[in-house]
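Per chain, numbering begins at 1; letters A, B, ... match sequence-line order.
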There are 2 protein chains.
Amino acid sequence: MSERRPGEIPEATVARLAVYLRVLTGLVDASTVTVSSEELATIAGVNSAKLRKDLSYLGSIGTRGVGYDVTVLREKIASSLGLTQRRTCVLVGIGNLGHALAGYSGFSSRGFTFVGYFDADPARVGEPIVDSRIRDIAELELVVKSHGVSIGVIATPAEAAQTVCERLVDAGVTSILNFAPSVLTVPDNVDVRKVDLAAEMQILSFHEHRKSRGLGNGLVESVG
Amino acid sequence: MSERRPGEIPEATVARLAVYLRVLTGLVDASTVTVSSEELATIAGVNSAKLRKDLSYLGSIGTRGVGYDVTVLREKIASSLGLTQRRTCVLVGIGNLGHALAGYSGFSSRGFTFVGYFDADPARVGEPIVDSRIRDIAELELVVKSHGVSIGVIATPAEAAQTVCERLVDAGVTSILNFAPSVLTVPDNVDVRKVDLAAEMQILSFHEHRKSRGLGNGLVESVG
DNA sequence: TTCACTTTGTGCCTGCGTTCACAAGCGGTT
DNA sequence: AACCGCTTGTGAACGCAGGCACAAAGTGAA
């Protein structure tokens, strides 16, 4: 029944492709030529069948009896993720977290170029940041439109997030990464991913709670 | 037959409970007394049936014909997540991101107490951070054991992450939040959650790529 | 009490994602 | 050339999660 159109990659797979890509980059640096699904899966921390199925969505890349050519596979994944072209981004909200994000070298090295850092606080505007300066949020639309920015990163307080989000979307941004602890409402054509630090901690707290509850009685699963 | 043991809450539900909790806290601040699943679901950005099913795992909390008592529900969720007791945490790796995390007020306000900030760089050791000072990583085990730390946050470079992880686990930590772009290997009884900033951007990049491919022609993916 | 109305809690169905297991395919060897 | 051993790619089964739709259960009014 479910005949997936070629090029239609499941969401869960996309998330893992990014991990495989990183692992493969490491292998390239180590001058590894070929890798089997078993090896790659072990390093990436997933099941090898899952890995093969993930890669199969990109076409038939491997060689049976041998494995995958590391550089070929890396290129294929990169192109599937649309990483062959640099993407322009803006960062809004230059507090503690915003500064950290601006300083994170992982973005630039992976093809993401930040063309503007914005804050609403007049006291911060003009401060140097990375190789640039913090701009007034009033210039947001101008910069987004002139650079054709496609990804907006929100690191503002929760109260400001939705407003900032709407301004980004209206200016033409179609993907948003949200660090503010707030639920964003966007049109259908816009993608949002959220990173909720407090929620992550609370999820861990839940598991801690669960584990400590299980200690007394015999309910725990076998400890390896 | 899906007979779930009482107290067994699905993983997907746990993640959403944290969101509901935040929304409810907002409602308490706004002196709201009662809320229906429809209202709460809208604010939280989920389907109301899903929300009701999520809450049903906590027991029968609502009142039919009325809705949920905001404070009662909030308490119930907080206790399910194990947030009634404060949890002690350590943060390892005080670079850009580490500083931002240390300064994030959302942790402390939600019951997480950081009892140690560690770095391997001798030049950084002793620097003030929040209401404390950066400690030498050599003291990690001592602090973890003496405070009974249950959650470790890793914000080191990728190369150091696995080693730090093992030291944390050996010292007794059973939950880890990993910000390093690296796959951690841990024993079965330890929970790991990862926050991979570059991966998030790459996932968005994928969707940008997909959107732009679909714009002009009706054709996709003809690789030669 | 009985009725009308509201909202919860959930049975059931559907679909996605994961895993198993194996046929198909490739390289190396004799 | 024929065979053997290894690894990929995938059909099929399974399990978890999401969403509809409705019975159950509460409130308030007559």
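A donor-acceptor contact shorter than 3.5 Å links the side chain of R22(A) to the backbone of P181(B).
Of the candidate nucleotides dC20(C), dA21(D), dT8(D), dA21(D) has the atom nearest to the side chain of A49(B). When each of dT18(C), dG17(C), dT8(C) is scored by its nearest atom to the side-chain atoms of R52(B), the top-ranked nucleotide is dT8(C).
In this structure, CD1 in I203(A) is found 13.5 Å from CD in E208(A), a value given to the nearest 0.5 Å.
Between the C1' atom of dT8(C) and the NZ atom of K50(B) lies a distance of 18 Å, rounded to the nearest Å. In this entry the distance linking OH of Y57(B) with P of dT10(C) reads 10 Å, nearest Å. For L55(B) and dT7(C), the CG to C1' distance is 13 Å, given to the nearest whole Å. If you take CG of D69(A) and P of dC26(C), they are 16 Å apart, rounded to a whole angstrom. For the pair L73(A) CG and dG9(D) C1', the computed distance is 14 Å after rounding to whole Å. Taking atom CD of residue E38(B) and atom P of nucleotide dT6(C), one finds them 13 Å apart after rounding to whole Å. One interatomic measurement links the two molecules: CZ of R16(A) to P of dG17(C), which rounds to 9 Å at whole-angstrom precision. In this structure, E11(B) atom CD and dG18(D) atom P are separated by 12 Å, rounded to whole Å.
Taking every heavy atom of both residues into account, H209(A) and G82(B) meet most closely at CG-CA, 3.5 Å.
Put simply, N47(B) has no side-chain N or O that comes within less than 4.0 Å of OP1 or OP2 on dA17(D). Side-chain N/O atoms of Y68(A) include none lying less than 4.0 angstrom from OP1 or OP2 on dC26(C). Distances shorter than 4.0 Å separate some side-chain N or O of S37(A) from OP1 or OP2 on dT8(D). Side-chain N/O atoms of K53(B) include none lying less than 4.0 angstrom from OP1 or OP2 on dT10(C). Put simply, S60(A) has a side-chain N or O that comes within less than 4.0 Å of OP1 or OP2 on dG9(D).
Within the 4.5 Å cutoff, the side chain of V149(A) has no heavy atoms near those of the L168(A) side chain. Annotation: side chain of F114(B) is in contact with side chain of V153(B) (closest heavy-atom distance under 4.5 Å).
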* **Verdict with supporting geometry, N96(B) and H99(A), side chain to side chain contact (heavy atoms under 4.5 Å, CB included)** => CA-CA 8 Å; N96(B) 254 326; H99(A) 263 112; 5.5 Å; no

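For A12(A) and G67(B), each mapped to the nucleotide of DNA chain C holding its nearest heavy atom, the one lying further toward the 5' end belongs to G67(B). Where S36(B) and T13(A) each meet DNA chain C at their nearest nucleotide, the meeting point lying more 5' is that of S36(B).
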Between the protein and nucleotides 25-30 of chain D, which nitrogen or oxygen pairs are less than 3.5 angstrom apart?
from	atom 1	to	atom 2	distance (Å)
dA25(D)	O4'	R64(B)	NE	3.3

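A donor-acceptor contact closer than 3.5 angstrom is absent between the side chains of S175(B) and D191(B).
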